[in-house]
Amino acid sequence: MVGTILPIVYGERKRGKLPVVLWLHFLGCFVGASCLGALLGLIGAVLPKQVMTLGPSISAFVASGFVSLLYSVRELDLIQVPAPQFRRQVPSKWRLLLPPRVTALFYGLELGWGLTIRISVTTFYVAAIWAIMSGSPILGALCMAMFGLGRALPLMWISRGLDSVADCRRLAYTLTGWETVVHFINGLVLAFAGSCFLVNSLILR
Amino acid sequence: MFGWLGPNPVKVEDSVMRNDTIKVSHDFILARWLRVVLLCVATLFGALSAYLMPAGIGCQHGLLIILAVALLAGLSALWSP
């Protein structure tokens with residue numbers, strides 16, 4: 001992702017302008033993720049009453065707790081658990097066909113939406129399940145907006161320290177070496193969150 | 001550097017080619033058990049944190065954790081191709 005988005009940003013900054021393109025990407029991520037969350041919350045709101053027998057908040061904790069524990073063992077590479085997803089990436093031809101600002105916005109929207117592209121960590125599913133089971137478009141949008149923020153903020157921070165497209169490529173290469181650590185951290189956080197949600201649901205009941 | 005977190009298939013293959021099969025399999029088992037132990041510790045901490053929470057703020061506590069989880073999912077997406 002770094003190797004795709006940041007060269008566009010650098011292209012604009014090189015011409016001595018403010019990186020508006022970066023803000024557009026941020027906006028796209030935030031809006032895309034919030035829309036996904038609102039949609040998932042809406043789906044949860046129209047779910048049959050039998051699914052939400054425990055009430056929306058407890059159902060959300062139970063469902064996301066189970067999914068969280070299940071995917072924690074996958075993230076720690078202990079058991080293979082299927083994670084349904086599309087294997088596609090954002091279309092690279094947009095960079096050639098569209099102006100940089102429109103490209104950054106569209107990339108942000110699709111990356112924030114997240115469902116139509118490859119999902120790198122299964123932590124995403126836990127947030128999505130919680131957004132559905134919360135049964136509220138507002139809570140769903142709030143939850144997924146955090147995903148959008150998390151997706152866009154590092155790019156804004158990283159882009160300040162990069163001076164050339166070669167730097168972007170070097171950074172993308174360096175980040176690859178940390179992928180195992182990222183999955184490890186996600187595994188531990190999912191285990192923590194999963195047990196916390198399940199105990200929470202027992203207490204709330 | 002972070003080989004102990006998860007076996008890298010390429011490295012395992014290289015080691016096998018250097019006849020280090022036994023050492024690799026020991027490292028592999030050790031790394032696996034270490035991850036299982038850490039998983040159990042994290043699960044225990046999660047359960048304790050919810051159990052020891054004062055009554056009445058369980059929902060807010062859960063909401064804060066799910067927001068943190070969603071933020072982590074977004075941050076980790078930096079490593080997507």
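Because the structure is predicted, anything quoted here is derived from the model rather than measured. Here is the naming used below: chain letters follow the sequence lines, and residue numbers restart at 1 for every chain. Hydrogens, waters and symmetry mates are skipped; everything else that's a heavy atom, side chains included, is used.
Here the OG atom belonging to B/Ser76 is positioned 10.0 Å from the CZ atom belonging to A/Arg151, to the nearest 0.5 angstrom. The CE atom of A/Met144 lies 11.0 Å from the CG atom of B/Leu67; values are rounded to the nearest 0.5 Å. Residue A/Thr176 holds its OG1 atom at 10.0 Å from CH2 of B/Trp79, rounded to the nearest 0.5 Å. Taken from CG in A/Asn200 to CE in B/Met53, the straight-line distance is 8.5 Å, to the nearest 0.5 Å. Taking OG1 of A/Thr123 as the start and CG of B/Leu75 as the end, the distance is 10.5 Å to the nearest 0.5 Å. We find the SG-NE2 distance between A/Cys196 and B/His61 to be 4.5 Å, quoted to the nearest 0.5 Å.
Using a 4.5 Å heavy-atom threshold, the side chains of B/Val69 and A/Trp130 count as separate. Using a 4.5 Å heavy-atom cutoff, the side chains of B/Ile65 and A/Phe197 are in contact.
Residue contact with chain B, scored on non-hydrogen atoms closer than 4.5 Å, is absent for A/Leu153. Within the 4.5 angstrom heavy-atom criterion, only side-chain atoms of A/Val121, from C-beta onward, approach chain B. For chain B, no part of A/Leu202 is nearby; none of its heavy atoms comes within less than 4.5 Å. Contact annotation for A/Ile203: only side-chain heavy atoms (C-beta onward) come within less than 4.5 Å of a heavy atom of chain B.
Listed by chain and number, the residues in a side-chain hydrogen bond (donor to acceptor under 3.5 Å, both in side chains) with A/Arg88 are A/Glu110 (sequence neighbours excluded).
When A/Phe192, A/Tyr125, A/Phe61 are compared by the number of non-hydrogen pairs under 4.5 Å with chain B, A/Phe192 comes out ahead.
Within 6.0 Å of the CG atom in B/Leu64, the count of heavy atoms belonging to other residues, nucleotides or ligands exceeds 12. By the 6.0 Å contact criterion, CH2 on A/Trp94 is enclosed, its count of non-hydrogen atoms from other residues, nucleotides or ligands being greater than 12. Sparse packing is recorded around CD1 of A/Ile79, with 12 or fewer heavy atoms of other residues, nucleotides or ligands lying under 6.0 Å away.
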Could you tabulate the donor-acceptor pairs under 3.5 Å formed by side-chain atoms of residues 37-48 of chain B, not counting sequence neighbours?
unit_1  : atom_1 : unit_2  : atom_2 : d
B/Thr43 : OG1    : B/Leu39 : O      : 2.6

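For the pair A/Phe124 and B/Ala73, the tightest heavy-atom approach, listed with the atom from each and the gap, is N-CB, 3.7 Å. Heavy-atom minimum distance, A/Asp77 versus B/Arg32: O-NH1, 3.5 Å. Taking all atoms of both residues into account, the shortest heavy-atom contact from A/Pro154 to B/Leu78 is CB-CD2, 4.0 Å.
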